[in-house]
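Each ligand, and each atom within it, is numbered from 1 in the order the structure gives.
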Amino acid sequence: MTTLHVPPLPGPAGPASPSAAAPTAAAPTPGADLSVWPTSTTPLAHGDLAVAGVSLTGVAERFGTPAYLLDEGDVRARCRSYLRAFEGAEVLYAAKAFLCRAMAHWIAEEGLGLDVCSAGELELAVTTGFPTDRIVLHGNAKSPDDLRAALRLGVGRIVIDSASEIARLAAAVPPGSRQKVLVRVVPGIAAGGHAKIRTGTDDQKFGLSITDGSAQHAIARILGQPTLELVGLHCHLGSQITTEKPFLCAVRRLVGLMARIKDQHGVTLPELDLGGGHGIAYRPGEDALDVASLARKVRAELTESCAAAGLPVPRLVVEPGRAIVGPAGVALYRVLAVKRTAGQTFVAVDGGMSDNPRPALYGVRYAPRLIGRRSASGAEPVTVVGRHCEAGDILASDVRLPGDVRPGDLLAVPVAGAYHLSMASGYNLVGRPPVVAVADGHARLLVRRESLEDFRSRDVGL
Ligand SMILES: *Cc1c(COP(=O)(O)O)cnc(C)c1O
């Protein structure tokens with residue numbers, strides 16, 4: 001099977017593209033454009049901004065910095081627009097993008113299901129009251145603990161990712177019961193904002209390849225296990241995909257495999273899970289995937305492919321993570337130092353790669369904004385760096401901030417809701433920032449700041 005190469009658009013995680021970056025980077029009024037901010041964002045006096053009616057400088061004063069803000073209304077609105085766009089489909093939120101108990105609660109209330117990748121994510125959601133039948137367990141290397149927790153709590157479906165998992169899972173299912181499973185298939189499609197987040201090709205660790213027949217082989221083995229019930233095929237092409245074509249190609253390839261399964265085994269699979277990966281804009285002017293348009297085209301492709309193959313249309317499942325929570329989050333930092341060298345100006349803040357490793361991992365670009373005071377100075381090119389002991393601890397390279405930016409200033413970074421805190425670390429024992437929810441003019445603490453006491457309490461030996 002050939003691989004469809006879809007060149008990544010010059011997006012945030014794409015290859016650095018000076019020409020694509022120019023319109024944003026050269027904007028005369030840095031950050032004046034609020035297009036990538038939560039939809040509730042409004043300007044206030046003195047250069048402040050309000051999200052959901054809550055002043056950002058007020059949040060910084062009350063909760064300290066660095067801090068993460070989550071617009072509850074924005075998260076909920078994104079859930080609803082997914083359900084509207086993908087009417088009749090099942091929408092699962094990918095917990096790995098960001099999970100806390102409040103988030104699980106919002107997702108459950110809005111009627112979405114949940115994708116989890118570990119016993120930790122699973123138990124946090126279930127102990128918050130998330131309905132287990134709406135939970136799907138993923139993972140290329142599920143631990144015995146993960147599988148035990150999934151079976152004990154009764155998750156809706158488990159996605160089989162490797163051949164060795166089949167017998168192990170089948171044996172762990174209590175006699176007399178059956179576990180619904182999907183098979184993660186590698187369709188041979190290269191898509192996604194960066195090589196490290198492309199998972200649809202044959203040269204990476206996830207899933208079972210159609211090309212070399214390992215998917216077909218695994219399916220035959222699963223169908224032979226009386227404790228497993230194969231309900232469908234799954235694929236996840238990657239993350240930060242900004243075009244529709246790879247998803248439509250995946251639909252065709254998965255329906256093709258479903259047709260072969262029907263021919264060979266006489267089994268019609270009722271579900272097709274297309275995964276997530278829907279791209280968002282991190283800076284004004286960047287491309288984002290149009291979810292409503294994607295939904296229409298996927299639906300049309302699915303109907304057409306199934307008709308051509310003589311199959312009933314399976315129930316569609318999608319798994320957005322980033323697109324649900326990314327644009328609803330804002331990171332707040334305090335400037336600690338400004339260093340002007342011969343070639344560059346470094347603006348150092350009180351967070352960094354321990355709360356946002358994405359620029360270091362994938363070279364992602366952000367558009368930070370000075371808040372809390374108006375500056376008469378013209379915009380100058382700066383590099384916003386963190387406080388960690390690595391030269392690669394860069395939060396935003398090649399951005400423009402007022403020339404008089406100085407210690408004590410506040411910087412706010414939009415589109416900070418996904419894959420920041422969920423990937424945060426304890427590096428330098430700085431402590432992970434708190435998460436503050438804003439809704440209807442009120443701010444409330446969801447997750448408190450990690451303290452020295454937290455580090456001490458885990459450190460039990462001497
Ligand atoms: C990461 C992941 C998702 C979500 O990806 P986003 O890019 O955040 O939408 C969905 N499904 C699976 C299996 C994943 O691994």
Side-chain angles (χ1 to χ4, degrees), residues 8-9 11-14 75 78-79 81-82 85-86 89-99 103 107 112-118 121-122 135-142 146 155-162 181-187 189 191-201 204-208 232-244 246-247 250 254 271-282 287-291 294-295 298 316-329 358 361-362 364 415-423:
L9 286 177
V75 171
R78 285 169 190 283
C79 292
S81 56
Y82 261 97
F86 285 94
E90 202 167 334
V91 181
L92 310 176
Y93 168 66
K96 70 173 194 251
F98 173 72
L99 188 67
M103 187 74 192
I107 295 296
L112 276 64
L114 196 71
D115 249 23
V116 298
C117 286
S118 69
E121 290 175 353
L122 174 59
I135 299 181
V136 174
L137 175 71
H138 283 281
N140 72 301
K142 300 176 196 76
D146 296 337
V155 299
R157 278 149 291 175
I158 297 176
V159 181
I160 289 181
D161 195 287
S162 65
V181 298
L182 298 164
V183 175
R184 177 155 176 173
V185 162
V186 179
I189 297 170
H194 188 279
K196 288 178 191 167
I197 51 172
R198 281 177 209 143
T199 55
T201 55
Q204 50 76 51
K205 70 175 183 174
F206 293 100
L208 292 149
L233 301 183
H234 173 281
C235 75
H236 172 68
L237 301 178
S239 205
Q240 190 55 13
I241 301 168
T242 50
T243 55
E244 293 156 347
F247 294 101
L254 263 58
E271 288 181 19
L272 189 154
D273 187 332
L274 259 194
H278 311 157
I280 58 176
Y282 281 86
D287 286 312
L289 195 62
D290 178 340
V291 172
L294 176 74
V298 162
L316 182 66
V317 184
V318 289
E319 308 175 333
R322 186 191 306 272
I324 296 276
V325 75
R358 300 186 64 249
L361 279 171
Y362 322 125
V364 200
V415 205
Y419 304 109
H420 283 218
L421 287 180
S422 64
M423 298 175 104

**Q.** Distance-minimising heavy-atom pair for Val186 and Phe206
**A.** CG2-O, 3.1 Å

(Q) Strictly distance-based, threshold 3.5 Å: is any side-chain N or O of Ser422 a donor or acceptor partner for the main-chain N or O of Lys96? (A) yes

Q. Looking only at heavy atoms, what is the nearest atom pair of Leu254 and Cys235, with distance?
A. CD2-SG, 3.9 Å

(Q) Distance under 4.0 Å to a non-hydrogen atom of Arg184: what atoms of ligand 1 satisfy this? (A) 13 (C)

Q.
Any atom of ligand 1 sitting under 4.0 Å from a heavy atom of Ala323?
A. no

Q) Is His236 reaching over with its side chain to a backbone N or O of Gly276, donor-acceptor style, under 3.5 angstrom? A) yes

Q.
For the backbone of Val159 and the side chain of Lys142, can you confirm whether one donor and one acceptor N or O come within less than 3.5 Å of each other?
A. yes

Q | Under-4.0 Å salt bridge between Arg157 and Glu90 | A | yes

**Q.** atom 14 (C) of ligand 1 [closest protein heavy-atom partner, distance rounded to 0.1 Å]
**A.** Lys96 NZ, 2.7 Å

Q. Can Phe206 be said to touch ligand 1, with heavy atoms closer than 4.0 Å?
A. no

(Q) Quick check on contacts: which atoms of ligand 1 are under 4.0 angstrom from a heavy atom of Ala94? (A) 3 (C), 4 (C), 10 (C)

Q. In terms of residue, atom name and distance, what is the protein heavy atom nearest to atom 7 (O) of ligand 1?
A. Ser239 OG, 2.3 Å

(Q) Under a 4.0 angstrom heavy-atom cut-off, which atoms of ligand 1 come close to Gly321? (A) 4 (C), 6 (P), 8 (O), 9 (O)

Q.
With heavy-atom distances below 4.0 Å as the criterion, list the atoms of ligand 1 near Arg322.
A. 6 (P), 8 (O), 9 (O)

Q.
Just by distance, no angles: are the side chains of Glu319 and His234 close enough, under 3.5 Å, to form a donor-acceptor pair?
A. yes

**Q.** Atom of Phe86, atom of Val318 and distance for their closest heavy-atom approach
**A.** CE2-CG1, 3.8 Å

Q | Sub-4.0 Å atoms of ligand 1 with respect to non-hydrogen atoms of Pro320 | A | 9 (O)

Q. Strictly under 4.0 Å, does any heavy atom of Gly277 approach an atom of ligand 1?
A. yes

Q: Within a distance under 4.0 Å of any heavy atom of Asp115, pick out the atoms of ligand 1 and give their elements.
A: 10 (C), 11 (N), 12 (C)

Q: Would you give the length of the straight line joining atom CG of Leu294 to atom CD1 of Ile241, rounded to the nearest 0.5 angstrom?
A: 9.5 Å

Q: Could you find the nearest protein heavy atom to atom 10 (C) of ligand 1 and give me its residue, atom name and distance?
A: Glu319 O, 3.1 Å

Q) What's the shortest heavy-atom distance between Leu137 and Ser118, and which atoms? A) CD1-N, 4.0 Å

Q: Decide whether an N or O pair under 3.5 Å exists between His234 and ligand 1.
A: no

Q. For atom 8 (O) of ligand 1, what's the nearest protein heavy atom and its distance?
A. Tyr419 OH, 2.5 Å

Q) Is there a nitrogen or oxygen of His138 sitting under 3.5 Å from a nitrogen or oxygen of ligand 1? A) no

